[in-house]
There are 2 protein chains.
Amino acid sequence: MKQFEILKNAPILDGIPEEEFDFLITSLNCQLKNYPKDYIVLKEGTHLKRTGFLIQGALRQYCNHYWDNPIELSTLQPGTLFALSFQVDKEISLVSYQTLCHTVILWFDLEPLFEFKDEKGYHRRLISNLLQAMNEQNQQLLAHRTHLSQPTTREKILSYLSLESLRQQADEFDIPFDRQGLADYLCVERSAMSKELSKLKSDGYLITSKNHFKLLKP
Amino acid sequence: MKQFEILKNAPILDGIPEEEFDFLITSLNCQLKNYPKDYIVLKEGTHLKRTGFLIQGALRQYCNHYWDNPIELSTLQPGTLFALSFQVDKEISLVSYQTLCHTVILWFDLEPLFEFKDEKGYHRRLISNLLQAMNEQNQQLLAHRTHLSQPTTREKILSYLSLESLRQQADEFDIPFDRQGLADYLCVERSAMSKELSKLKSDGYLITSKNHFKLLKP
DNA sequence: TTCATTTTGTTGTTTTTCCAACAAACACAG
DNA sequence: CTGTGTTTGTTGGAAAAACAACAAAATGAA
């Protein structure tokens, strides 16, 4: 079954044997729910209760705050956790989630993970995986914010490329974006970015063809 | 002793009784180190090994990638965790840390937390606290990135204010910034922001005096 | 209170980015 | 190969933001 495959391969369950899933399903009070297209699964401003794990379908993550000026955040793919809260009924959700098609979500409680009924250590393993997932997301957010903090398009590009160079430990590398994708990621105009890339080329900062970049010290 | 106070009150040790600290110090292989002013504690591109907890002093967090174009990220205050890694010797640090004054750092290992020697559950408690801290940072980064993603100064302001309104559950609230601080946070010019705030006022979007804001639906 | 300092708002100029339109290069199915 | 659709680079005018300089207001210490 396809749904089970996604669950089985989720990083969050890494290191936990399948025969223990039943134990987890019971102790975390799991509940599988189906939603039709365009259904608002969670509305911003409401109290966070249970954690969601997207099994099938797609979720649109967005804000629509005070002045009804909707802001798109991202589209969640199967295998993603969302709506985490560690102080149930104290935290409120700052974002909304809406289904983009027929969607299946596994809801569960986090609290049992923090209680003392974990003879085999699988709760702790689950928490560790959670921690790791969150750490990764953190790194990505931190990097993205660093680029967006740069004042000009040129500096945004340089910030992105030099981090990518460090990450890939090379001064020559591929990037996972086409031009439009990179512009969206850096929140600038594609044409302005293209202009700036040309300048950088003629200034001797880099050589590029398609999504392959080679950095130079001019 | 002041250093111990900071440790004792750190959110990361919440719920763990003082008499258990010795146990943690031993099992996590803790090590206290002193650094002089301007010392580079960790350089970007090097492998992450141990986790740091800033006890005393201040750390400048910055990047200086390929083209030696330094980028300031933040200044860490006592009580902050940094240089976390969950795959020792696989992850590299994407940022550097430099002391701004005489600084004391507690270094420790994370791995023991994920092993099976936790009779009283304090390792798990520590992990939970870690998870919570990381979740909070995540929320803040996500919010910040959302604001920075907005194309214009006006939209950055509106994004920030409407989120703040949601967070504080009121259409009237104080913000923790002065004008310059808000401009820095939103990565825009103070004067341009001031201009835009004036426009928003005359357009009937808000009333403000000092750091108190009241939102209106025009 | 007065005076010095900091914060905030305003204005005009310069610079940068956005936007729209188009041409060249490329990708690919028939 | 040809033709179609997409991606990329380029350009010029419009809009916005940055910058600099200054005035008004608020703050805080003597």
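To find a chain, count down the sequence lines: A is the first, B the second, and so on, and within it residues start at 1.
Both cation-pi conditions hold for Arg154(B) and Tyr205(B): the charged atom is under 6.0 angstrom from the six-membered ring centre and inside a 45 degree cone around its axis.
Salt bridge status for Asp178(A) with Arg190(A): absent, with no side-chain N to carboxylate O gap under 4.0 Å. The pair Arg60(B)-Asp38(B) does not meet the salt-bridge criterion, since no charged nitrogen lies less than 4.0 angstrom from a carboxylate oxygen.
The stretch residues 146-162 of chain B comes close to DNA chain D through Thr152(B), Thr153(B), each having a heavy atom under 4.0 Å from the strand. Taken residue by residue, residues 195-212 of chain B places heavy atoms nearer than 4.0 Å to DNA chain D at Lys195(B), Glu196(B), Lys210(B).
Between the CZ atom of Arg190(A) and the P atom of dT6(D) there is a distance of 14 Å, rounded to whole Å. At whole-Å resolution of the value, CG in Asp178(A) and P in dG9(D) are 11 Å apart. Rounded to a whole Å, the CG atom of Leu182(A) is 15 Å from the P atom of dT7(D). Look at CD on Gln180(B): it is 9 Å from P on dT8(C), rounded to the nearest Å. Protein atom CZ of Phe177(A) is 13 Å distant from nucleotide atom P of dT8(D), rounded to whole Å. Nucleotide dT17(C) holds its P atom 13 Å from the CE atom of Met193(A), rounded to whole Å. Here dT7(C) presents its P atom at 13 Å from CZ of Arg179(B), a figure rounded to the nearest Å.
Remark: Lys90(B) NZ is loosely packed, at most 12 non-hydrogen atoms of other residues, nucleotides or ligands lying under 6.0 Å away. Applying the 6.0 Å contact sphere to CZ of Phe177(B) captures more than 12 heavy atoms from other residues, nucleotides or ligands.
Note: Tyr97(A) and Phe82(A) meet the aromatic proximity criterion, with ring centroids under 6.0 Å apart.
Cys30(B) places none of its side-chain heavy atoms less than 4.5 Å from the side chain of Trp107(B). Here the side chains of Glu91(A) and Ser85(A) are in contact, with some heavy-atom distance below 4.5 Å.
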